[in-house]
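Some notes on the structure that comes next.
No experiment lies behind these values; they were computed from the predicted model shown.
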Amino acid sequence: TNTPLQALAILNDPAFIECAAGLAADMLMRNQHGASPGYGFLRCTGRLPTALETDVLNQLLTSELARYQANPEAAEAAVRPYEAVWKQKHADDRDAVQRAAWSSVANVLINLDEKVTRY
């Protein structure tokens, strides 16, 4: 299982946040029309998400979009250190709110127990 310290490291370490930005860029570019976190889930776990998992991820994305839309400065601050990742993935045309929200979802996906200890 994950330890609390391991989970905190994965959620907050700059290297993992950069990985999350890359995964978020992949999800956005892969799903340009009707974007869904399902592709990221598949990349992290090797399986498609269940209906419940899809609902939870979509709810998280919706709440993160709302949070960053209410505070665009926080979105800009969250994505600024990882601009090179977005440019490398050709996803830098997305606004900071989109990039920050999708990065938050990707960070959760990277921290899934199924990703960390089983895959």
Side-chain angles (χ1 to χ4, degrees):
T1 63
N2 291 347
T3 66
L5 187 55
Q6 180 184 22
L8 286 172
I10 294 171
L11 283 171
N12 297 306
D13 186 274
F16 286 101
I17 296 172
E18 186 173 338
C19 290
L23 177 60
D26 285 347
M27 286 190 290
L28 278 169
M29 296 310 292
R30 172 83 176 193
N31 299 302
Q32 290 195 19
H33 307 289
S36 164
Y39 174 73
F41 188 94
L42 176 64
R43 295 253 337 252
C44 287
T45 64
R47 67 175 179 85
L48 293 172
T50 65
L52 177 60
E53 290 164 336
T54 299
D55 288 344
V56 169
L57 289 170
N58 286 332
Q59 288 173 12
L60 173 61
L61 179 60
T62 299
S63 69
E64 289 298 291
L65 284 168
R67 177 170 75 107
Y68 284 120
Q69 285 169 344
N71 191 351
E73 296 82 18
E76 189 63 43
V79 299
R80 187 176 307 119
Y82 308 102
E83 285 297 323
V85 173
W86 292 93
K87 286 181 181 173
Q88 179 185 18
K89 300 280 187 173
H90 307 290
D92 55 333
D93 61 333
R94 305 295 177 137
D95 66 22
V97 169
Q98 287 282 321
R99 290 184 283 161
W102 280 88
S103 291
S104 293
V105 172
N107 201 5
V108 167
L109 291 172
I110 287 172
N111 202 35
L112 289 173
D113 180 60
E114 193 170 351
K115 163 75 170 138
V116 174
T117 61
R118 297 185 185 161
Y119 185 66

Closest approach of [X] to [Y] (non-hydrogen atoms, all atoms of both residues):
X: Pro72; Y: Ala70; value: CD-C, 3.7 Å
X: Met27; Y: Ala106; value: CE-CB, 3.8 Å
X: Ala21; Y: Ser103; value: CA-OG, 3.8 Å
X: Ala101; Y: Leu65; value: CB-CD2, 3.5 Å
X: Ile110; Y: Cys19; value: CD1-C, 3.7 Å
X: Tyr68; Y: Ala78; value: OH-CB, 4.1 Å

Any ion pair linking Glu76 and Arg99 (charged N to carboxylate O, less than 4.0 Å)?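 Here Arg99 does not pair with Glu76 in a salt bridge, since their nearest N and O are not under 4.0 Å apart.
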
Does Glu73 pair with Arg80 as a salt bridge, N-O distance under 4.0 Å?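 The answer is no: the pair does not qualify as a salt bridge.
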
CA sep, side-chain torsions, deciding dist, call: Cys44, Leu23, side-chain contact (heavy atoms from CB on, under 4.5 Å): CA-CA 9 Å; Cys44 287; Leu23 177 60; 3.6 Å; yes

Distance check, rounded to the nearest 0.5 Å: [X] atom [atom1] versus [Y] atom [atom2]?
X: Trp102; Y: Leu60; atom1: CH2; atom2: CG; result: 10.5 Å
X: Tyr82; Y: Glu18; atom1: OH; atom2: CD; result: 7.0 Å
X: Leu109; Y: Thr45; atom1: CG; atom2: OG1; result: 8.5 Å
X: Ser104; Y: Arg67; atom1: OG; atom2: CZ; result: 5.0 Å

Go through it in stages, so that I can follow the logic: the residues are Phe41 and Leu112, the test is side-chain contact (heavy atoms from CB on, under 4.5 Å), and I'd like the CA-CA distance, side-chain angles, deciding distance and then a yes or no. CA-CA 9 Å; Phe41 188 94; Leu112 289 173; 3.8 Å; yes

Check whether any side-chain N or O of Asn111 sits under 3.5 Å from a backbone N or O of Asn107 as a donor-acceptor pair, and report yes or no.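 No; judged by distance alone, with no hydrogens or angles, the pair does not exist.
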
May I ask you to check whether Glu53 and Thr50 show a side-chain donor-acceptor distance below 3.5 Å?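 Yes, side-chain donor-acceptor contact under 3.5 Å.
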
Heavy atoms, side chains only, cut-off 4.5 Å: are Gln98 and Asp95 in contact?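 Heavy-atom side-chain distance check passes, below 4.5 Å.
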
